[in-house]
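What follows is a single structure, written as structure tokens, with notes after it.
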Amino acid sequence: GEPSLELLLVLSEEPSGSGTQKLMCSGWSFNPQIKWLSGSEQRSAAAYERRMGEDGHVALTSYITVTQQDWNQGMVFTCEVIDTDLQKTTRKSTSLCTGRL
């Protein structure tokens, strides 16, 4: 069982002049940790939500806020889901150039 993940650009309800984009990453596994990278630098997440699934899997959802400037310049943002028990990592990246994932 590899950890699975989903990476989404959250459309902000704020006016486009607000200057930020929100990215959401959800990971499922038995003991997931989420790590964010922007370019090659690690970033700290703005928020985490953790909930237990019926089969013992944990769903972990994490958000980061990125500046509109970074996003518009095509910076690549990567979410990694690491299962510390299985020692497995799954990753996905997104940027303005890839648009919808």
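Quick caveat: nothing in here was measured; it's all calculated off a predicted structure.
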Give, for atom [atom1] of [X] and atom [atom2] of [Y], the distance between the pair rounded to the nearest 0.5 Å.
| X | Y | atom1 | atom2 | answer |
| --- | --- | --- | --- | --- |
| L8 | K22 | CG | NZ | 12.0 Å |
| E80 | Q42 | CD | CD | 8.0 Å |
| M24 | I64 | CE | CD1 | 12.5 Å |
| L86 | E2 | CG | CD | 8.5 Å |

For residues 31-38, tabulate all N or O donor-acceptor pairs below 3.5 Å that involve a side-chain atom, not counting sequence neighbours.
from: N31; atom 1: ND2; to: T84; atom 2: OG1; distance (Å): 2.8
from: N31; atom 1: ND2; to: D85; atom 2: OD1; distance (Å): 3.3
from: W36; atom 1: NE1; to: S62; atom 2: OG; distance (Å): 2.8

Between [X] and [Y], which heavy-atom pair has the shortest distance, and what is it?
| X | Y | answer |
| --- | --- | --- |
| G74 | L96 | CA-CB, 4.3 Å |
| L7 | K92 | CD2-O, 3.4 Å |
| V81 | G27 | CG2-CA, 3.8 Å |
| L5 | C25 | CD1-SG, 4.1 Å |

Open item on the list: If the condition is salt bridge (charged side-chain N to carboxylate O under 4.0 Å, His left out), which residues does R43 pass it with, not counting sequence neighbours?
Closed with: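 Counting only residues at least two positions away or on another chain, R43 forms no salt bridge (charged side-chain N to carboxylate O under 4.0 Å, His left out).
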- [ ] Applying salt bridge (charged side-chain N to carboxylate O under 4.0 Å, His left out), name anything that partners E49, two or more places apart in sequence or on another chain.
- [x]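 Residues passing salt bridge (charged side-chain N to carboxylate O under 4.0 Å, His left out) with E49: none at all.
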TODO: Is it possible for you to say whether L60 and I82 belong to one hydrophobic cluster, with membership spreading through side-chain heavy-atom contacts below 4.5 Å?
DONE: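 L60 and I82: separate clusters.
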- [ ] Answer with yes or no whether the hydrophobic clustering places V66 together with V76; edges join I, L, V, M, F, W, Y residues whose side-chain heavy atoms lie under 4.5 Å apart.
- [x]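 Different clusters.
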TODO: Go through the structure and list residues passing ring-ring contact (aromatic ring centres under 6.0 Å, His included) with F30, not counting sequence neighbours.
DONE: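 Checked F30 against ring-ring contact (aromatic ring centres under 6.0 Å, His included); matches are H57.
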TODO: Mind checking side chain to side chain donor-acceptor pair (under 3.5 Å) for T78 and listing every partner two or more places apart, or none if nothing turns up?
DONE: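 If we apply the side chain to side chain donor-acceptor pair (under 3.5 Å) test to T78, skipping adjacent residues, the hits are S93.
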Task: Sequence neighbours excluded, every pair satisfying salt bridge (Lys or Arg N to Asp or Glu O under 4.0 Å) that has a member inside residues 53-77 - done: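 Every candidate salt bridge (Lys or Arg N to Asp or Glu O under 4.0 Å) pair involving residues 53-77 fails, so no pair, neighbours aside, qualifies.
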TODO: Please examine the side chains of L23 and W71, heavy atoms only from C-beta on, and report whether any two atoms are closer than 4.5 Å.
DONE: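 The answer is yes, as the side chains (C-beta and beyond) meet within the 4.5 Å cut-off.
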Open item on the list: Under the rule for side-chain contact (heavy atoms from CB on, under 4.5 Å), what residues qualify as partners of Q87, not counting sequence neighbours?
Closed with: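 Residues passing side-chain contact (heavy atoms from CB on, under 4.5 Å) with Q87: none at all.
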TODO: Identify, with sequence neighbours excluded, every residue that meets side-chain contact (heavy atoms from CB on, under 4.5 Å) alongside S4.
DONE: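 Partners of S4 under the side-chain contact (heavy atoms from CB on, under 4.5 Å) test: W28.
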TODO: List, by chain and number, the other hydrophobic cluster members for M52, where Ile, Leu, Val, Met, Phe, Trp and Tyr join if side-chain heavy atoms come within less than 4.5 Å, directly or indirectly.
DONE: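 Via sub-4.5 Å side-chain contacts, M52 links to V58.
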Open item on the list: With disulfide (SG to SG under 2.5 Å) as the rule and sequence neighbours excluded, what pairs involving residues 42-73 come up?
Closed with: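 Of all non-adjacent pairs touching residues 42-73, none passes disulfide (SG to SG under 2.5 Å).
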